[in-house]
There are 2 protein chains.
Amino acid sequence: MPKKRILPFIILGIINNHPQITGREITAEFDTEIGDFWRASHSQVYPELKRMVNDGWIYDATSKDNAKERYYTLTDEGREILNKWLGQLVTDLPVHEDLFSLKLFFIKDKHDKRIPQLIARQLVLLKKDLKYLMQRRQTVFPNEKTIQNNYGHYLILARAISRTQGQIQWLKDTQKLLKEEQ
Amino acid sequence: MPKKRILPFIILGIINNHPQITGREITAEFDTEIGDFWRASHSQVYPELKRMVNDGWIYDATSKDNAKERYYTLTDEGREILNKWLGQLVTDLPVHEDLFSLKLFFIKDKHDKRIPQLIARQLVLLKKDLKYLMQRRQTVFPNEKTIQNNYGHYLILARAISRTQGQIQWLKDTQKLLKEEQ
DNA sequence: TGCTGCATGTAAGCTGTTACATGATTTA
DNA sequence: TAAATCATGTAACAGCTTACATGCAGCA
């Protein structure tokens with residue numbers, strides 16, 4: 001059995017949220033909205049769209065204005081497949097492929113200077129990420145109504161913020177601990 | 001430029017922690033200790049070991065007891081490469097490829113029944129994981145001395161526990177919130 | 001001596017990345 | 001009309017997964 005493909009389901013979800021979307025706009029979603037928990041480049045997206053049209057999950061239309069653009073929309077079958085996928089419960093936690101943990105793992109000595117260095121860098125990265133996430137929450141969800149209209153999206157953004165804050169707090173605590181005991 | 005390979009560095013780290021280790025034991029590390037933040041199967045490990053011997057990062061020895069087993073140890077060059085890698089600071093945060101977030105993302109309606117279902121399942125998975133992590137902290141680090149001898153490992157285990165607890169708390173809070181407003 | 005697990009290895013195939021490539025559209 | 005960006009597509013290749021395969025060691 002090959003590795004389970006989930007890219008087509010993500011694309012179904014994107015098209016469902018934005019009917020008449022182009023391949024380029026779908027690709028852009030992976031750089032912004034979805035980028036926190038999945039990545040895909042345009043060279044993955046275009047062939048996938050072709051396959052999905054071929055399988056009858058979506059259909060495409062062209063416009064007179066722009067000869068090259070193709071506008072994709074879900075078929076009934078596609079909508080059905082998306083809903084079925086959304087209803088299937090998750091069976092496993094993801095593996096956090098994390099260079100920070102990996103490097104720490106191999107450092108044995110408590111007083112190794114690389115430990116505070118790695119922590120300091122991780123803090124910089126996480127703080128920058130937190131700032132970005134909070135700014136996005138403000139722009140994407142400026143009022144209660146926008147939250148109600150996209151509740152799942154709101155939830156995971158809130159979750160990402162909470163998680164990042166938690167990690168920052170833990171790193172700060174550890175940093176302090178190491179300094180005190182040094 | 002191809003995707004950056006980090007598997008050989010992980011293997012260097014493992015061999016450094018356990019000189020005279022076999023390929024099978026290295027593979028086992030990915031199922032236990034390192035499994036939380038990196039995965040690799042034996043069909044990846046064995047060819048990689050061959051390459052690393054070829055490149056002079058490690059050397060292998062055989063035993064009379066077990067003709068098939070090969071015992072790997074770092075060369076000076078390998079040790080140097082490992083330390084250089086450990087000293088290089090991380091430049092990017094990892095992408096959390098996460099089905100839970102992904103599915104929530106595509107559910108718009110606040111009252112969609114799949115939201116509490118997904119959350120409940122995620123709680124089950126995280127609680128199970130937390131239990132496993134805490135049990136491991138107890139067995140791997142039974143006393144202060146074992147902590148001092150493998151401080152980096154201790155840190156990331158503590159971090160994983162903290163992160164998991166944070167996620168559980170957030171999910172519980174959200175679950176409660178949804179129930180109240182239902 | 002048959003079975004289970006140890007130990008290593010190879011092959012096929014799929015996913016995803018980077019790079020290369022082309023033409024259309026908009027803007028200066 | 002030249003440059004930048006839009007929009008799509010293909011090619012080569014690296015990385016990883018699953019499955020297939022072989023022989024040895026220990027045990028009943």
Side-chain angles (χ1 to χ4, degrees), chain A residues 1-11 14-15 18 20-32 34-35 37-55 58 60-72 91-92 94-97 99 102, chain B residues 1-11 14-15 18 20-32 34-35 37-55 58 60-72 91-92 94-97 99 102:
Chain A
M1 215 205 296
K3 195 185 176 184
K4 207 159 193 183
R5 284 182 61 68
I6 68 172
L7 180 61
F9 298 104
I10 303 174
I11 293 178
I14 294 172
I15 300 178
H18 308 276
Q20 304 286 354
I21 196 174
T22 67
R24 171 165 257 260
E25 287 165 336
I26 291 171
T27 303
E29 289 275 307
F30 286 101
D31 295 329
T32 56
I34 302 184
F37 37 89
W38 209 272
R39 289 279 161 85
S41 55
H42 77 273
S43 56
Q44 248 186 303
V45 170
Y46 289 117
E48 193 62 51
L49 285 169
K50 239 182 193 171
R51 245 170 282 158
M52 291 167 73
V53 170
N54 217 279
D55 293 352
I58 56 177
D60 60 338
T62 49
S63 133
K64 304 136 213 163
D65 296 348
N66 192 325
K68 212 146 202 189
E69 274 187 335
R70 310 184 79 79
Y71 305 91
Y72 293 97
T91 57
D92 296 289
V95 176
H96 305 281
E97 293 200 346
L99 279 181
L102 219 35
Chain B
M1 216 201 296
K3 193 187 176 185
K4 207 160 194 181
R5 285 181 60 68
I6 68 172
L7 180 60
F9 298 104
I10 303 174
I11 293 179
I14 294 172
I15 299 178
H18 309 276
Q20 304 286 354
I21 197 174
T22 66
R24 172 165 257 260
E25 288 165 335
I26 291 171
T27 304
E29 288 275 307
F30 286 100
D31 295 329
T32 55
I34 301 185
F37 37 88
W38 209 273
R39 290 280 162 84
S41 55
H42 78 272
S43 55
Q44 248 185 303
V45 170
Y46 288 118
E48 193 62 49
L49 286 169
K50 238 181 193 171
R51 247 169 281 158
M52 291 167 74
V53 169
N54 218 278
D55 293 353
I58 57 177
D60 60 337
T62 49
S63 134
K64 304 135 213 166
D65 296 349
N66 192 326
K68 211 147 203 188
E69 274 186 335
R70 310 183 80 80
Y71 306 91
Y72 293 96
T91 57
D92 297 289
V95 176
H96 304 281
E97 292 200 346
L99 280 182
L102 219 36

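Sequence lines set the chain letters: A, B, ... in the order given, protein chains first and strands last, and positions in each chain run from 1.
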K.L.:
How long is the line joining CD of E25(A) and P of dT5(D), in whole Å?
P.N.:
18 Å

K.L.:
Would you kindly give the CZ-to-P distance between F30(A) and dG16(C), to the nearest whole Å?
P.N.:
10 Å

K.L.:
Give the nucleotide from the list dC16(D), dT8(D), dA7(C) with an atom nearest to the side chain of E69(B).
P.N.:
dA7(C)

K.L.:
Show your reasoning for whether side chain to side chain contact (heavy atoms under 4.5 Å, CB included) applies to E29(A) and W38(A).
P.N.:
CA-CA 10 Å; E29(A) 289 275 307; W38(A) 209 272; over 6 Å; no

K.L.:
Going by the rule side-chain hydrogen bond (donor to acceptor under 3.5 Å, both in side chains), which residues pair with R51(A) if we only count those two or more places apart in sequence or in a different chain?
P.N.:
E48(A)

K.L.:
According to salt bridge (charged side-chain N to carboxylate O under 4.0 Å, His left out), who are the partners of D55(A), at least two apart in sequence or on a separate chain?
P.N.:
none

K.L.:
Phosphate oxygens OP1/OP2 of dT17(D): is one of them under 4.0 Å from a side-chain N or O of S41(B)?
P.N.:
yes

K.L.:
Separation of R51(A) atom CZ from dT10(D) atom C1', in whole Å?
P.N.:
13 Å

K.L.:
Rounded to the Å, how far apart are F9(B) CZ and dG15(D) P?
P.N.:
11 Å

K.L.:
Looking at residues at least two apart in the chain, or sitting in another chain, which of them share a salt bridge (charged side-chain N to carboxylate O under 4.0 Å, His left out) with D60(B)?
P.N.:
R70(B)

K.L.:
Can you tell me the distance, in whole Å, between the CZ atom of R39(B) and the C1' atom of dC16(D)?
P.N.:
14 Å

K.L.:
Rounding to a whole Å, what distance do you find between I26(A):CD1 and dC6(D):C1'?
P.N.:
15 Å

K.L.:
According to ring-ring contact (aromatic ring centres under 6.0 Å, His included), who are the partners of F30(B), at least two apart in sequence or on a separate chain?
P.N.:
none

K.L.:
Does dC6(D) have OP1 or OP2 under 4.0 Å away from a side-chain N or O of R24(A)?
P.N.:
yes

K.L.:
Could you list the residues that satisfy salt bridge (charged side-chain N to carboxylate O under 4.0 Å, His left out) with R39(B), not counting sequence neighbours?
P.N.:
none

K.L.:
Return the value, rounded to whole Å, for the distance between atom CG of D92(B) and atom P of dT17(C).
P.N.:
14 Å

K.L.:
Identify each atom pair where a protein N or O and an N or O of nucleotides 9-11 of chain C are less than 3.5 Å apart, giving names and distance.
P.N.:
from   : atom 1 : to     : atom 2 : distance (Å)
dG9(C) : O6     : H42(B) : NE2    : 2.8

K.L.:
Can you tell me the distance, in whole Å, between the CD atom of E97(A) and the P atom of dT15(C)?
P.N.:
17 Å

K.L.:
Kindly indicate whether the side chain of L99(B), heavy atoms from C-beta on, has any atom under 4.5 Å from the side chain of T91(A).
P.N.:
no

